[in-house]
Amino acid sequence: MVGQRVRTRFAPSPTGYLHVGGLRTALYNYLFAKRMNGDFIIRIEDTDQSRKVEGAQRNLIKTLEWAGIVADESPEHGGNYGPYIQSERLHLYREYCDRLLEDNHAYYCFSTSEELEENRQLQLKQGLQPKYNRKWLPEEMGGAVPSSEIARKIGEGCPYVIRMKVPDYVSVWFEDMIRGPVEFDSSTIDDQVLMKSDGFPTYHFASVIDDHLMEFTHIIRGEEWLPSMPKHLLLYEFFGWEPPKYAHLPLLLNPDRSKLSKRQGDVAVEDYIRKGYSADAIVNFVAMLGWNEGEGTEQEVYSMQELIEKFSLERVGKAGAVFNVEKLNWLEKQYIKNRPVEQIITAIKPVLAAELDKKETSMSRELISSDRYLGQVIDLMRERVGFEHEFVTFSAYFFFDPDAYEEEAVKKRWIPETNDLLREFVSALEAVEPFTAEAIESALKEFVAPKGLKAAVLIHPLRILASGVSFGPSLYHMLEVLGREAVLRRINKGMERIVVPV
RNA sequence: GGCCCCAUCGACUAGUGGUUAGGUCAUCACCCUUUCAAGGUGGUAGCACGGGUUCGAAUCCCGUUGGGGUCACCA
């Protein structure tokens, strides 16, 4: 154990999407492993055949890789400890279960689920903790069932499960890397089912066997697993194995502080991807939910590389953390503000292409799809958008002539003389050479000054005509990027369509 | 309910016996400004409560309260 290469794991069940809590668990496992120059492994826990979802495994791994979490070993990457899918390891569980049976640490149980339920109800009615009544505990383990009876049931082909025999009154203790010492009394623990009647192991059994065989040094998982620690520890003891180190992470919470769940917002990483969040922001955000560098650091933005360099389990907090979308949004903006243009251009080209497929435009498709044009749009808009796709959707006027004008804004900015002034200014604009922000600005100021008017009387209407909306980047720069042709077209067309308020 | 975990501004958190309890998001005000952002400045806002220990507790101990998790042939 000492001096051993660190190995951590993320062990999802392939039942659907990747939960953001799962992403954080995977991330912490990954960061810790990488920090320690170790390996991060993905194992698929598909011991519940009924819950298995087609394609889930692929999707889980794909989403992790989207986030930048690439496994050193997994069903897809291979490795020396495979197979990495539990349903392909059934013979192993059977083999180890037999050992437990031989050593009297486990026993056959033929109780039906109806019996179990009945027993549970009875105990509940009596005010007792629902617990298996050990009806099938064999004589040699202190129970009442002769081995001949067990042999007979097996011979008859009766369905059975195998349960672990939890010793009666022992104290189970371990040192959690995040929480410190935690102690349990075995009398509160049920005789956990190890092998189900369909021949598959339960989570508890399979994960202990695999964690040992795959030689993980550290198990980093959600706090919801803390109560099952004694079962796992007892199994290690039965086998005479040294357990790995454990770290139980605090939970991710809904705004009402319950365990993060659907119905109170999005929980699937894919939901956030779909909305346009970047891997940079999601990873950064989720990493900070429970971990921080400490010691007066005021850094908020961390790259994956920095996280790897700085992460430590000692600095993971104990209390649950609310998944606060507002801060995520802020982080996303930070990344958009600082991301290289080329990268954004690449990202938004397909978005633009899709929009262009849906809608006609009077602009030159070639022009507005060019790197140069997109680069200019990005320069003007990067401090104004919340997501990359908004470079296209939120600033649609860079790609499509407006087909409506903000009513309130028109009402506020139009005076009876506005259209006349605009008509006159159009001639001035036609003459502006070159058609640059500076030239447009001085043209406008020179136009307005002799009339004793403020620039604002034209600025606002121009913006509305050019973009359809009352907000956006610097007017002059916007006009420059749009180009003379589009600007004049939009002004002329707009004046025909605007209903001047009386 | 039993067991287990947890507890600093609305949220994320720094703090490890002596601080005017700091930062970030959000929020409010002001500045900048052609709009919207961005940015700048400032403000509101917190140690759950009660006992100890100590010269001195957000920090250590106990209890209370509160919150959460978990009690399956699901993981």
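Quick note on labels: first sequence line is chain A, next is B, and so on, each numbered from 1.
- RNA chain B is contacted by no residue of residues 447-454 of chain A, taking any non-hydrogen atom closer than 4.0 Å.
- Between A:H248 and A:F174, the angle of the ring planes goes over 60°, which puts this pair in the perpendicular group of the 30/60° scheme.
- Atom C1' of nucleotide B:C4 and atom CZ of A:R221 are separated by 14 Å, given to the nearest angstrom.
- For B:A7 and B:G43, the C1' atoms lie 28 Å apart once the distance is rounded to whole Å.
- Comparing the C1' positions of B:C74 and B:G66 gives an interatomic distance of 30 Å, to the nearest angstrom.
- Taking the P atoms as reference points, B:A45 lies 36 Å from B:C5, given to the whole Å.
- Evaluation of the side chain to side chain donor-acceptor pair (under 3.5 Å) test over residues 463-476 of chain A, restricted to residues two or more places apart or in two chains, returns A:E406-A:S470, A:S474-A:H477.
- With hydrogens and angles ignored, a donor-acceptor pair under 3.5 angstrom links the side chain of A:S197 to the base of B:C73.
- Nearer to the 5' terminus of RNA chain B, by closest-nucleotide assignment, is the contact made by A:Q129 (compared with the other of A:Q129 and A:D46).
- Taking the six-membered ring wherever Trp is involved, the centroid distance between the rings of A:Y96 and A:F205 does not fall below 6.0 Å.
- When the P atom of B:G68 is taken as reference, atom CG of A:L251 falls 11 Å away, rounded to whole Å.
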Can you give the donor-acceptor pairs under 3.5 Å from side chains of residues 165-173 of chain A to other protein atoms, not counting sequence neighbours?
residue, atom, partner, partner atom, Å
A:D168, OD1, A:R134, NH1, 3.0
A:S171, OG, A:E183, OE2, 2.7

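- Ion pairing of A:E441 with A:K445 is present here, as a side-chain N (NZ or NE/NH1/NH2) and a carboxylate O approach within less than 4.0 Å.
- A distance below 6.0 Å separates the ring centres of A:Y203 and A:W225.
- Among residues two or more places apart in sequence or in another chain, the side-chain contact (heavy atoms from CB on, under 4.5 Å) test is passed with A:D266 by A:D271, A:Y272, A:K275.
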Inset, instruction - Scan nucleotides 30-45 of chain B nucleotide by nucleotide, 5' to 3', and note B when protein non-hydrogen atoms come under 4.0 Å of the base, S if they reach only the sugar-phosphate, - if neither. - result: ----BBBBSS------

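- Remark: A:T25 pairs with A:F10, A:N29, A:L249 by the side-chain contact (heavy atoms from CB on, under 4.5 Å) rule, at least two apart or across chains.
- Only the P atoms considered, B:U41 is 29 Å distant from B:U8, to the nearest whole Å.
- Between B:A26 and B:A38, the two P atoms lie 8 Å apart (nearest whole Å).
- Looking at heavy-atom distances under 4.0 Å, A:S111 makes contact with a base.
- Searching all strands for a Watson-Crick or G-U wobble partner of B:U41 with both distances below 3.5 Å returns B:A29.
- Using a 4.0 Å cut-off, some side-chain N or O of A:K196 falls inside it from OP1 or OP2 of B:A75.
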Between the protein and nucleotides 57-66 of chain B, which nitrogen or oxygen pairs are less than 3.5 angstrom apart?
none

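- Rounded to whole angstrom, the span from the CD atom of A:E115 across to the P atom of B:C73 amounts to 13 Å.
- Applying the ring-ring contact (aromatic ring centres under 6.0 Å, His included) test to A:F435 and every residue at least two apart in sequence or in another chain returns nothing.
- Residues passing the side-chain contact (heavy atoms from CB on, under 4.5 Å) test with A:H389, sequence neighbours excluded: A:V351, A:F387, A:T393.
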Legend entry - Criterion side chain to side chain donor-acceptor pair (under 3.5 Å) on A:N59 and A:E270, from CA distance to verdict: CA-CA 10 Å; A:N59 189 53; A:E270 295 151 83; 3.2 Å; yes

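- Taking a pair to require two hydrogen-bonding distances under 3.5 Å in either a Watson-Crick or a G-U wobble arrangement, B:U59 remains unpaired.
- Rounded to an integer number of Å, the gap from A:N119 CG to B:C71 P is 18 Å.
- Dashed line: the shortest gap from a side-chain N or O of A:T15 to OP1 or OP2 of B:A75 is not under 4.0 Å.
- For the atom pair A:E88 CD and A:D46 CG, the distance stands at 7.5 Å (nearest 0.5 Å).
- When both distances must be under 3.5 Å, the Watson-Crick or G-U wobble mate of B:C73 does not exist.
- On the P atoms, B:A21 is 27 Å away from B:C28, given to the nearest whole Å.
- If you take CD of A:Q57 and P of B:A75, they are 16 Å apart, rounded to a whole angstrom.
- The side chain of A:R163 contributes an N or O atom lying less than 4.0 Å from OP1 or OP2 of B:C73.
- Atom name C1', nucleotides B:A58 and B:C49: the rounded distance is 14 Å, in whole Å.
- Residue A:R51 contributes atom CZ, which lies 11 Å from atom C1' of B:A72 at whole-angstrom precision.
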Kindly list each side-chain donor-acceptor pair under 3.5 angstrom involving residues 449-458 of chain A, sequence neighbours excluded, with atom names and distances?
residue, atom, partner, partner atom, Å
A:K451, NZ, A:E424, OE2, 2.9

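- When rounded to the nearest whole Å, the span between CD of A:E293 and C1' of B:G15 equals 15 Å.
- As rounded to the nearest Å, B:G2 and B:U44 have C1' atoms that lie 44 Å from one another.
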Please write out each protein N/O paired with an N/O of nucleotides 5-13 of chain B under 3.5 Å, distance rounded to 0.1 Å.
residue, atom, partner, partner atom, Å
B:C5, O2', A:R179, NH1, 2.6
B:C5, O2', A:E223, OE2, 2.8
B:C12, OP1, A:R257, NH2, 3.4
B:C12, OP1, A:V322, N, 2.9
B:C12, O2', A:M288, O, 3.3
B:U13, OP1, A:G290, N, 2.8
B:U13, O3', A:N292, ND2, 2.7

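- Pairing each heavy atom of A:S187 with each of A:K131, the nearest pair is O-NZ, 2.7 Å.
- Whole-Å rounding puts the A:K52 NZ to B:A75 P distance at 12 Å.
- Residues A:V20 and A:A268 share a closest heavy-atom pair of CG1-C, 4.5 Å.
- A cation-pi arrangement, defined by a distance under 6.0 Å to the six-membered ring centre and an angle within 45 degrees of its axis, is absent between A:R315 and A:F311.
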Is there any protein nitrogen or oxygen under 3.5 Å from a nitrogen or oxygen in nucleotides 20-22 of chain B, and what are the pairs?
none

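- Side chains of A:E306 and A:Q299: a donor on one and an acceptor on the other come within 3.5 Å.
- Using cut-offs of 30° and 60° for the angle between ring planes, the A:Y132 and A:Y107 rings count as parallel.
- When heavy atoms are screened at a 4.0 angstrom cut-off, A:V161 is found touching base atoms of the nucleic acid.
- For A:F471 and A:F394, the distance between ring centers is under 6.0 angstrom.
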